[in-house]
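Chain A is the first sequence line, chain B the second, and so forth, proteins listed ahead of strands; every chain is numbered from 1. Hydrogens, waters and symmetry mates are skipped; everything else that's a heavy atom, side chains included, is used. None of the values given here were measured: they were computed from a predicted structure.
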Amino acid sequence: MRVHNAEIVNTLNRLADLLEIDGENPFKIRAYRNASRVIGGMSHEVSDWVDEGKDLTDIPGIGKSIAEKITTIVKTGKLPYLKDVESHTPAVLSKLMRIDGLGPKRVQLLHEKLHIRSIKDLKQAISSGKIYELAGFGEKVAKRIQEGIKHLTEYESRYALNEAVPIVQTLLSYLKQCPRVTEVECEGSFRRRKETVGDLDILAIAVDGKSVIDYFIQYDEIKEVISQGKTRSTVRLRSGIQVDLRVVPAQAFGSAQLYFTGSKAHNIAIRKIALQHNLKINEYGVFDGNERVAGRTEDEIYRKIGLSYIEPELREDRGEIEAARDNQLPKLITLQNIRGDLHSHTDATDGNNTLAEMAKAAASKGYEYLAITDHTQHLTMVHGLDKKRLLQQIKKIDRLNEQLNIVILKSAEIDILEDGSLDLPNELLKELDLTVCSVHSKFHLSQAKQTERILRAMDNPYFNILAHPTGRLINRREAYQVDMENVMRAAAMRGCVLELNAQPERMDLSDVQCKMAKDMGVKLVISTDAHEVSQFDWMQFGVYQGRRGWLEASDVINTLSLSQLQKVLKRR
DNA sequence: GCCGTTTTCGGCCCGACTGTTTTCAGTCG
């Protein structure tokens, strides 16, 4: 039984929760959480490293003790130390920690004094009034816990980035109307362009914080005000999303941006570096003793501590700080670098617009080329193209190409069948400018079989692009089991390209996998998989994800001119 | 528990808001 990184991440996090409830040394707890985060951000399976006998303490944040525990987890699937902790602090208590308003201390008290071990117990303790017997538990706290329990089930999932965009836009335009606000921005994971955002962190510049907060809480989309002070406030919108507003003066804008953008791990890391320079960073600036020495811009702050400017998308403490120190940061890809889209559908299968409409829409974006990639026959439920219909489409494209100022590339999204063969014969594939190949069936094959299936498909000399390589749907479907490292190695050797699918619910590959591909020398393509003209706009989300994966224009083939692109697509 | 351009020991990011307190602990970001 192979132990995946996700399981190690979970185990270490649970352990940290329970130790925190136990009142253990906070720095020890941080060490576990930090190790968990580092492993979560790794592209390689730690279990492979253990099998290969590599030294896990080479991983930053992992020392002798945690390395031993991970090795135990990988080799036995269990961790006796965790069992040990659970014998006096039940595992379910870590669930209670997820309730808003409940931290380690209160959970500990609830468990010790009232023997509460579940949400049900907790509800009972509140309704019976027993909870008020505990020190520090008044009516407000009890109410907050009740609300917290409700929210736990109501708003569990995070929002896809594209869903957050209109919510942010409406809120920002409201805040901009506040006469005292001179600048307002959304920071946090939204600014880091994570594929999903949990809450919104809004930063406003104003001299008088209180008046801005007073204005903010009048916003008519607010469902409840959770907290409200002189410089910050937290509310929940009717949509369920939580919003934190922070107001700072203009001279602190950069430091507040930095602080509010995060990530938390990135902030901790740069504050540590500041300490090495005998400086202190907080949200109000960089301080040498009591003197503020920087703070107006982020750039100024990074330079003060010997780093070059780090783009928000990179701020995850996954090597960007070391790269900034060594002047080795990537020059990240931008939307302007994109010259075409290589994955789109028409009404010939499951798209909503005609071939001509799609082509014109792509041309109006300034693209040089667009690949039409309708589904193939195996996908019967969308009326996939057979040989005859594909040939008809090819002729149609020839005619259209004479009329339009964009080159339509002949292609198809070809099903990879269970045995690794492609859903159309090679004599037809050779008529195409490129192929986009994907797995649409048999998601539950074993990892070995799924990997073998894809490798076999790549053996076909007409195979160009592996579309949505893991098949995951955010919040809805797990990725199928596939050895991505193996797939990438094969792609690099064969000159195959991996897609970063920009559909907001796919975002497939992940940021970490993009970086892994780049590091392994695999070329990527960022494609929208548009099923109607408006979906070409999803390109921006793909670019964001690529930036989070450290991609530069040179890593992505649809930044190439048409003639350069055609060279890359010729595998033989 | 981790880590080292002061260090293998003694540090470990920093501040706002709330509630239940009589000066601060707990939680959150």
inquiry  = Measuring only the C1' atom in each nucleotide, how far is dT6(B) from dG11(B)? A whole number of Å is fine.
reply    = 12 Å
query = Thr231(A) side chain N/O closer than 4.0 Å to the phosphate oxygens (OP1, OP2) of dA16(B)?
reply = no
task = Name the nucleic acid region contacted by Gly101(A), choosing base, sugar-phosphate or nothing; use a 4.0 angstrom heavy-atom cut-off, strictly under.
result = sugar-phosphate
ask   = Pick the nucleotide of DNA chain B nearest each of Val141(A) and Ser233(A); which residue has the one closer to the 5' end?
value = Ser233(A)
message = So Leu12(A), base contact, sugar-phosphate only, or nothing? Heavy-atom distance under 4.0 Å.
response = nothing
task = Whole angstrom is fine here: how far is it from CZ in Arg144(A) over to P in dG19(B)?
result = 8 Å
Nucleotide N/O of nucleotides 4-10 of chain B paired with protein N/O under 3.5 Å:
none

Protein-nucleotide distance (Glu322(A), atom CD; dC3(B), atom P), rounded to Å = 12 Å
ask   = Is there a side-chain polar atom (N or O) of Asn282(A) under 4.0 Å from OP1 or OP2 of dG15(B)?
value = yes
inquiry  = Less than 4.0 angstrom between a side-chain N/O of Arg30(A) and OP1 or OP2 of dC13(B), yes or no?
reply    = yes
ask   = Do any side-chain nitrogens or oxygens of Tyr284(A) fall under 4.0 Å of OP1 or OP2 in dA16(B)?
value = yes
message = Please pick, from dC12(B), dG26(B), dG29(B), the nucleotide with the shortest atom-to-atom distance to any side-chain atom of Lys105(A).
response = dG26(B)
query = In whole Å, what is the span from the CG atom of Leu15(A) to the P atom of dG1(B)?
reply = 9 Å
key: d(CD1, Ile270(A); P, dC14(B)) in whole Å   = 11 Å
message = From C-beta outward on Tyr32(A), which listed nucleotide comes closest to its side chain: dC17(B), dG19(B), dG1(B)?
response = dG1(B)
inquiry  = Between Arg14(A) and Glu86(A), does any NZ, NE, NH1 or NH2 come within less than 4.0 Å of an OD or OE carboxylate oxygen?
reply    = yes
query = Considering only the C1' atoms, how many Å lie between dC2(B) and dT7(B), rounded to the nearest integer?
reply = 14 Å
message = With no hydrogens and no angle check, just 3.5 Å: does a side-chain donor-acceptor pair link Thr71(A) and Lys75(A)?
response = no
query = Mind checking the P distance from dC13(B) to dT20(B)? Whole angstroms is fine.
reply = 31 Å
inquiry  = Under a 4.0 Å threshold between the charged nitrogen and the carboxylate oxygen, would Glu139(A) count as salt-bridged to Lys143(A)?
reply    = no
query = Rounding to a whole Å, what distance do you find between Glu224(A):CD and dT18(B):P?
reply = 13 Å
query = Considering only side-chain heavy atoms of Arg106(A), which listed nucleotide, dC12(B), dC28(B), dG26(B), is closest?
reply = dG26(B)
Carboxylate-amine/guanidinium contact Glu316(A) Arg37(A), below 4.0 Å = no
request  = Determine the interatomic distance between C1' on dG1(B) and the same-named atom on dT5(B); round to the nearest Å.
outcome  = 24 Å
query = When you measure from the side chain of Asn25(A), which nucleotide among dC12(B), dG29(B), dG26(B) comes out closest?
reply = dC12(B)
query = Would you call the rings of His44(A) and Trp49(A) parallel, tilted or perpendicular if under 30° counts as parallel and over 60° as perpendicular?
reply = tilted
query = Should Arg144(A) and Glu147(A) count as an ion pair when the cut-off is N to O under 4.0 Å?
reply = no
remark   = Of dG19(B), dG1(B), dC14(B), the nucleotide closest to the side chain of Lys280(A) is dC14(B)
query = Considering only the P atoms, how many Å lie between dC14(B) and dT21(B), rounded to the nearest integer?
reply = 31 Å
query = Whole Å only: how far is the NZ atom of Lys230(A) from the P atom of dC17(B)?
reply = 7 Å
inquiry  = Nearest whole Å is fine: how far is dA25(B) P from Leu102(A) CG?
reply    = 19 Å
message = Closest-nucleotide mapping onto DNA chain B: is Gly61(A) or Phe260(A) further toward the 5' terminus? I mean the 5' end.
response = Gly61(A)
message = Just the rounded figure in Å: distance from C1' of dA16(B) to NZ of Lys264(A).
response = 14 Å
task = Could you note down all residue pairs passing ring-ring contact (aromatic ring centres under 6.0 Å, His included) where residues 90-145 of chain A supplies at least one of them, sequence neighbours left out?
result = none
ask   = Hey, does Ile29(A) reach any base, or is it just sugar-phosphate, or nothing, if we go heavy atoms under 4.0 Å?
value = nothing
task = Looking at every strand, decide which applies to Lys69(A) at a 4.0 Å heavy-atom threshold: base, sugar-phosphate, or nothing.
result = sugar-phosphate
Rounded distance in Å between the C1' positions of dT22(B) and dG10(B) = 35 Å
ask   = Does a salt bridge link Arg472(A) with Glu195(A), judged by any charged N lying under 4.0 Å from a carboxylate O?
value = yes
query = Counting side-chain heavy atoms from CB outward, which of dG15(B), dC12(B), dC2(B) is closest to Arg246(A)?
reply = dG15(B)
ask   = Who does dT8(B) pair with, Watson-Crick or G-U, both distances under 3.5 Å?
value = none
key: Gln242(A) side chain, from C-beta outward: closest of dT18(B), dC12(B), dG29(B)   = dG29(B)
Residue Glu283(A), side-chain heavy atoms: nucleotide from dC12(B), dT18(B), dG15(B) that is nearest = dG15(B)
query = If you check every side-chain atom of Lys272(A), which of dC28(B), dC13(B), dG29(B) has the closest atom?
reply = dC13(B)
query = Does the ring of Phe190(A) carry Arg193(A) above it, NZ/CZ under 6.0 angstrom from centre and within 45° of its axis?
reply = yes
key: Asp299(A) versus Thr297(A), side-chain donor and acceptor atoms under 3.5 Å   = no
message = Does Pro26(A) reach a base, just sugar-phosphate, or nothing at all? Heavy atoms under 4.0 Å.
response = nothing
